[in-house]
Protein chains: 2
Amino acid sequence: MTTARAGSRARTRQAILDAAFEVLARNPAASLGDVAAAADVGRTTLHRYFPERSDLLVALRDEATARLDQARTRARTADDTGAAAIRRLCQEYFDLGDLLSLLFREQVELDDESPGTCDDWFADLVRRGHADGTIDTELPAIWVQSLLWSQLYLGWSFLSEANASRHETLRLVLRCVEGAIRPLR
Amino acid sequence: MTTARAGSRARTRQAILDAAFEVLARNPAASLGDVAAAADVGRTTLHRYFPERSDLLVALRDEATARLDQARTRARTADDTGAAAIRRLCQEYFDLGDLLSLLFREQVELDDESPGTCDDWFADLVRRGHADGTIDTELPAIWVQSLLWSQLYLGWSFLSEANASRHETLRLVLRCVEGAIRPLR
DNA sequence: CCATAATGGAACACTGTTGTTCCAGAATGG
DNA sequence: CCATTCTGGAACAACAGTGTTCCATTATGG
């Protein structure tokens with residue numbers, strides 16, 4: 001009985017989330033009316049799915065967390081040298097698009113990492129890079145993590161403003177991240 | 001007659017601007033009441049100096065432009081190699097503090113440079129670096145400029161969140177900018 | 001075809017911000 | 001000491017965003 005009903009609900013919900021990502025990434029101060037309009041949905045309907053603004057933000061956070069985890073899995077961060085793993089991670093994260101802006105501007109806060117804290121798995125990754133000589137030992141893990149995010153955000157906003165190709169922009173990001181973290185000479 | 005009067009006015013005005021930099025850098029959506037409170041000034045007084053919110057933003061933009069120009073002059077961007085000049089520029093800009101956040105988040109837009117456009121003097125600087133071999137020729141000037149800003153913002157937010165020393169943070173910024181822009185191998 | 005679910009519009013109260021006016025008190029220069 | 005200036009609090013209307021309720025309309029499964 002709930003087959004197509006539930007399907008419809010899920011689809012509407014997803015449409016709202018997708019629109020929210022897009023709208024809030026461009027303008028963090030956008031109103032719920034803007035989000036509803038972008039999702040082609042009445043404001044009433046939006047409130048039916050997400051009673052309060054905070055409910056929407058929580059849902060966005062969960063969605064973001066899930067996608068980040070998927071990207072990390074795809075990047076196989078446990079393989080190869082530290083730098084190579086970071087390079088793959090960079091590529092996977094880059095495809096997340098609007099998510100980057102939201103997370104970077106801390107519109108949507110991830111629960112497991114307060115600002116100034118580094119993910120454990122990422123810290124391990126950097127340590128591996130320190131050990132195998134592909135990441136400068138002078139750079140702390142938390143710094144490398146911040147650097148990665150800032151470069152991804154840079155790439156994404158570059159893509160939006162300048163009319164550069166996605167491919168070329170990704171190349172620049174990878175090039176600069178690699179140069180920034182590898183040991184000098 | 002207007003000696004101390006004008007002095008007082010200038011002092012109040014400056015206090016408001018300083019507070020606005022600080023408050024808006026931390027929270028771009030801060031209300032005028034917040035700014036007034038931070039400046040230890042009644043909201044009425046704030047409106048007396050800056051009738052509308054936009055007037056305050058214009059004043060902030062002018063102040064920012066002036067300080068940026070001063071920093072650029074101090075950095076003597078016409079001397080040395082391209083990379084060395086960028087390094088000095090980085091050092092000078094880094095000291096601008098809250099200004100960085102505001103400019104980077106585009107709360108305050110500079111008039112002479114629309115997003116996606118590169119300052120002429122900066123483009124020349126990068127070209128010089130391309131020619132003297134200290135900046136990778138694969139990196140376009142506009143990208144280097146964006147990179148510089150994103151790294152400065154990174155450094156500044158790192159300073160706020162992590163409890164790192166100003167000196168150490170600047171070292172990390174300079175280290176990573178240099179690594180990012182110099183030619184590989 | 002019909003009952004149920006989903007939707008969107010209209011209207012409402014509530015809140016916080018903005019910009020304004022008015023006035024009384026404090027500070028300052030002469 | 002007095003006149004001028006600067007200040008800040010109170011009160012106000014206007015406005016935008018939020019969250020809610022109610023109702024009519026549209027789909028959809030059975």
Side-chain angles (χ1 to χ4, degrees), chain A residues 1-63 101-102 105-109, chain B residues 1-63 101-102 105-109:
Chain A
M1 53 159 166
T2 51
T3 53
R5 310 290 226 223
S8 171
R9 283 195 66 83
R11 228 174 308 125
T12 303
R13 185 189 145 91
Q14 196 57 47
I16 294 174
L17 286 181
D18 289 342
F21 271 127
E22 197 178 319
V23 171
L24 291 180
R26 301 230 171 105
N27 171 25
S31 71
L32 296 184
D34 294 336
V35 174
D40 253 320
V41 150
R43 197 167 64 88
T44 309
T45 301
L46 190 150
H47 272 107
R48 202 169 279 128
Y49 283 79
F50 307 98
E52 298 193 4
R53 189 180 238 273
S54 61
D55 295 321
L56 177 59
L57 293 183
V58 167
L60 285 178
R61 188 201 58 186
D62 292 345
E63 176 87 5
S101 309
L102 250 68
R105 302 204 208 183
E106 285 163 11
Q107 278 299 308
V108 174
E109 287 182 17
Chain B
M1 53 159 167
T2 50
T3 51
R5 309 289 222 222
S8 172
R9 282 195 66 84
R11 227 173 308 124
T12 303
R13 185 189 145 92
Q14 195 57 47
I16 294 174
L17 286 181
D18 289 341
F21 272 127
E22 197 178 321
V23 171
L24 292 180
R26 300 230 172 104
N27 172 24
S31 72
L32 296 183
D34 294 337
V35 174
D40 254 320
V41 150
R43 195 167 66 89
T44 310
T45 301
L46 189 151
H47 272 107
R48 202 169 279 127
Y49 283 81
F50 307 99
E52 298 192 3
R53 185 179 240 272
S54 61
D55 295 321
L56 177 59
L57 292 183
V58 167
L60 285 178
R61 190 201 57 185
D62 293 344
E63 176 87 5
S101 308
L102 250 70
R105 302 205 210 182
E106 286 163 12
Q107 279 300 307
V108 175
E109 288 182 17

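Residue numbering restarts at 1 for every chain, and letters A, B, ... go by the order of the sequence lines. If you're wondering where the values come from, they're calculated on a predicted model, not measured in any experiment.
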Handout entry: From A:Leu102 atom CG to A:Arg61 atom CZ, the distance as rounded to the nearest 0.5 Å
Key =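 If we round to the nearest 0.5 Å, A:Leu102:CG and A:Arg61:CZ are 13.0 Å apart.
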Practice task
Output the distance between atom CZ (A:Arg53) and atom NE2 (A:His47), rounded to the nearest 0.5 Å.
Solution key: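 Here the rounded value is 9.5 Å.
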Practice task
Report the distance from atom CZ of A:Arg13 to atom C1' of C:dA6, rounded to the nearest whole Å.
Solution key: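 My rounded result for the distance is 16 Å.
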Completion exercise
Protein heavy-atom contacts under 4.0 Å, written 5' to 3' over nucleotides 7-22 of chain D as B (base), S (sugar-phosphate only) or - (none), form the string BBBBB-----SBBBB-
Problem - Side-chain donor or acceptor of A:Arg9 paired with backbone N/O of A:Tyr49 under 3.5 Å - result: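 A pair under 3.5 Å: no.
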Practice task
Taking the side chain as every heavy atom from C-beta outward, state whether B:Gln14 and B:Glu63 have any pair of such atoms under 4.5 Å apart.
Solution key: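 In contact.
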Practice task
Decide whether a cation-pi geometry holds between A:Arg13 and A:Phe50; the criteria are a distance under 6.0 Å from NZ or CZ to the six-membered ring centre and an angle within 45° of the ring axis.
Solution key: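 Not satisfied by the 6.0 Å and 45° rule.
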